[in-house]
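All of these numbers come straight from a predicted model, not from anything done at the bench. By convention in this document, chain letters (A, B, ...) are assigned in the order of the sequence lines, proteins followed by strands, and residues within each chain are numbered from 1.
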Protein chains: 2
Amino acid sequence: MSTAGLARTRVRRADIVAAALELFADKGYLATTMDDIGRAVNVRGPSLYKHVTSKQDLLVEIMESSMATVLRDHAVAVGSTDDVADQLRRAVEAHVRFHARHRLEAFVGTRELRHLSDGNRAAMAARRRDYERGFRVLVERGVAEDRFRVGSVRLTTYSLLDMGVGVSVWFREGEEFSVDEVAYRYGDLAMRLVGAA
Amino acid sequence: MSTAGLARTRVRRADIVAAALELFADKGYLATTMDDIGRAVNVRGPSLYKHVTSKQDLLVEIMESSMATVLRDHAVAVGSTDDVADQLRRAVEAHVRFHARHRLEAFVGTRELRHLSDGNRAAMAARRRDYERGFRVLVERGVAEDRFRVGSVRLTTYSLLDMGVGVSVWFREGEEFSVDEVAYRYGDLAMRLVGAA
DNA sequence: CGGGCTGGCTAGTCACTGTTAGCCTCGGAT
DNA sequence: ATCCGAGGCTAACAGTGACTAGCCAGCCCG
């Protein structure tokens, strides 16, 4: 069948990206060599260039697809209801779910931003700011609608976001908490932080 | 005076460490070269070895002194009262104050842990775990004494810590908030998180 | 059956970087 | 005046690592 060749190629490339992700998360982008990545997929370093144009490309691919995922999840969460408190709760749950389920992507996404080439980093940073603005806007609306009571919108928003980001550092699948449990509990914590009525 | 030579040496060394700190924070440990550090103190890279035994040494010095600072501040905060809620509040304030005032050290401390040599990393990680345990113990005691009401001690503790760590990422001296304001407000947020009575 | 693309391999290039070696200067103490 | 050590400099070494060049095997197509 004519799809076999193509199919195999596709799989390989995905394997490479997956291996790169694990290594970037574990050792960091700069400390990871193309040979390391090759070894992880049973190939010599230089062979990778038959599938990928550069090491930087791997990083870009990882960060972009990961960013696309969070943004999509966030939009779904916020769009699923009109109640600000529910929106914030669901947004936080999505945020945490992402940082737990895709902890490596999330981890690499925050840690390796600076090793993106200038153009890529700027684009990425902009999308990240948009994402954060989404949360700030929710908190602001909650306050305006008298549903939340916060000392500072900005600090509260940072707290919400940073709590969730932290999940990607300690979370491990199959330990004490499931993804859903963590998401749910962080949703509660978020409601406390904003003093939800 | 015989101290002049010594004094100058000491100052220089401190300058080197300061420059290294800034560069490590900005570009990352691996991406920073000895020439970079040298340039920052108007000296060629190799000359640094008259003051420092290795690049790794610079990282170790930064991380150790920084860790010593947090641990000391934490001990003072917890020792300054007997009331669990006050203890936790002050511990969080100290935590946040540290991450704001010493944001570069804090930032490097969390980001570059993996580039410490094995022995140093293990020692550092252990002290970090102790520090975290200090918070968990406070939350546990608060719950036991019926002063706090939390869904999960572990998750709540992580949240408290990660919120504070996040401060080192966005905080800038002389902008909207002073160190004290941030510390105070995060203390409030912490009280909300633990559902302090 | 045979040609050629796909994708692997080895060898090599080039740039870089931590660190050492060895030299020279200058300021302070004798 | 002179000595000397602290500390700067350049040159060089050794290792690394991204990426390229060029070769070859095997599989799919005709």
- Message: Taking 4.0 Å as the cut-off, does a side-chain nitrogen or oxygen of A:Arg12 come that near to OP1 or OP2 on C:dT6?
- Response: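 So the side chain of A:Arg12 is outside the cut-off, no N or O lying under 4.0 Å from OP1 or OP2 of C:dT6.
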- Message: Is the phosphate of D:dG8 approached by B:His51 (side-chain N or O, under 4.0 Å from OP1 or OP2)?
- Response: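 So the side chain of B:His51 is within the cut-off, an N or O lying under 4.0 Å from OP1 or OP2 of D:dG8.
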Rounded off to whole Å, could you give me the [atom1]-to-[atom2] distance for the [X] and [N] pair?
X	N	atom1	atom2	result
A:Leu59	D:dA18	CG	C1'	15 Å
A:Asp35	D:dG15	CG	P	17 Å
B:His115	C:dG18	NE2	C1'	15 Å
B:Tyr49	D:dG8	OH	C1'	15 Å
B:Asn42	D:dC9	CG	C1'	14 Å
B:Ile16	D:dG7	CD1	C1'	11 Å
B:Asp57	C:dT19	CG	C1'	13 Å
A:Arg13	C:dG8	CZ	C1'	17 Å

- Among residues two or more places apart or on two chains, list those pairs meeting ring-ring contact (aromatic ring centres under 6.0 Å, His included) that have a residue in residues 57-81 of chain B.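 Non-adjacent pairs meeting ring-ring contact (aromatic ring centres under 6.0 Å, His included): B:His74-B:Tyr131, B:His74-B:Phe135.
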- Query: ring-ring contact (aromatic ring centres under 6.0 Å, His included): which pairs involve residues 166-197 of chain B, sequence neighbours left out?
  - Reply: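 Sorted pair list: A:Tyr158-B:Trp170.
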- Are there more than 12 heavy atoms of other residues, nucleotides or ligands under 6.0 Å from atom CD of A:Glu140?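 Buried by this count: over 12 neighbours within 6.0 Å.
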- Please write out which residues are connected to A:Val169 in a hydrophobic cluster, directly or through intermediates, given that two of Ile, Leu, Val, Met, Phe, Trp, Tyr count as joined at side-chain heavy-atom separations below 4.5 angstrom.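 Members alongside A:Val169: A:Phe107.
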Extract all donor-acceptor atom pairs below 3.5 Å that involve side chains of residues 189-197 of chain B and protein atoms in other chains or at least two apart in sequence.
from: B:Arg192; atom 1: NH1; to: A:Arg149; atom 2: O; distance (Å): 2.7
from: B:Arg192; atom 1: NH1; to: A:Leu193; atom 2: O; distance (Å): 2.7
from: B:Arg192; atom 1: NH2; to: A:Arg149; atom 2: O; distance (Å): 2.7

- Message: Looking only at the side chain of A:Lys50 (C-beta and beyond, no hydrogens), which of the listed nucleotides C:dG8, C:dT20, C:dG22 gets closest?
- Response: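 Closest nucleotide among those given: C:dG8.
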- Message: Checking B:Thr81 against B:Arg90: is there a side-chain donor and acceptor pair closer than 3.5 Å?
- Response: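 Absent: no donor and acceptor within the cut-off.
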- Task: Would you mind listing every salt bridge (charged side-chain N to carboxylate O under 4.0 Å, His left out) that reaches into residues 97-108 of chain A, with sequence neighbours excluded?
- Result: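 Pairs touching residues 97-108 of chain A that pass the test: A:Glu93-A:Arg97, A:Arg97-A:Asp180.
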- Give the B/S/- string for nucleotides 10-17 of chain C, one per nucleotide from 5' to 3', where a protein heavy atom under 4.0 Å of the base yields B, of only the sugar-phosphate yields S, and otherwise -. BB-----S
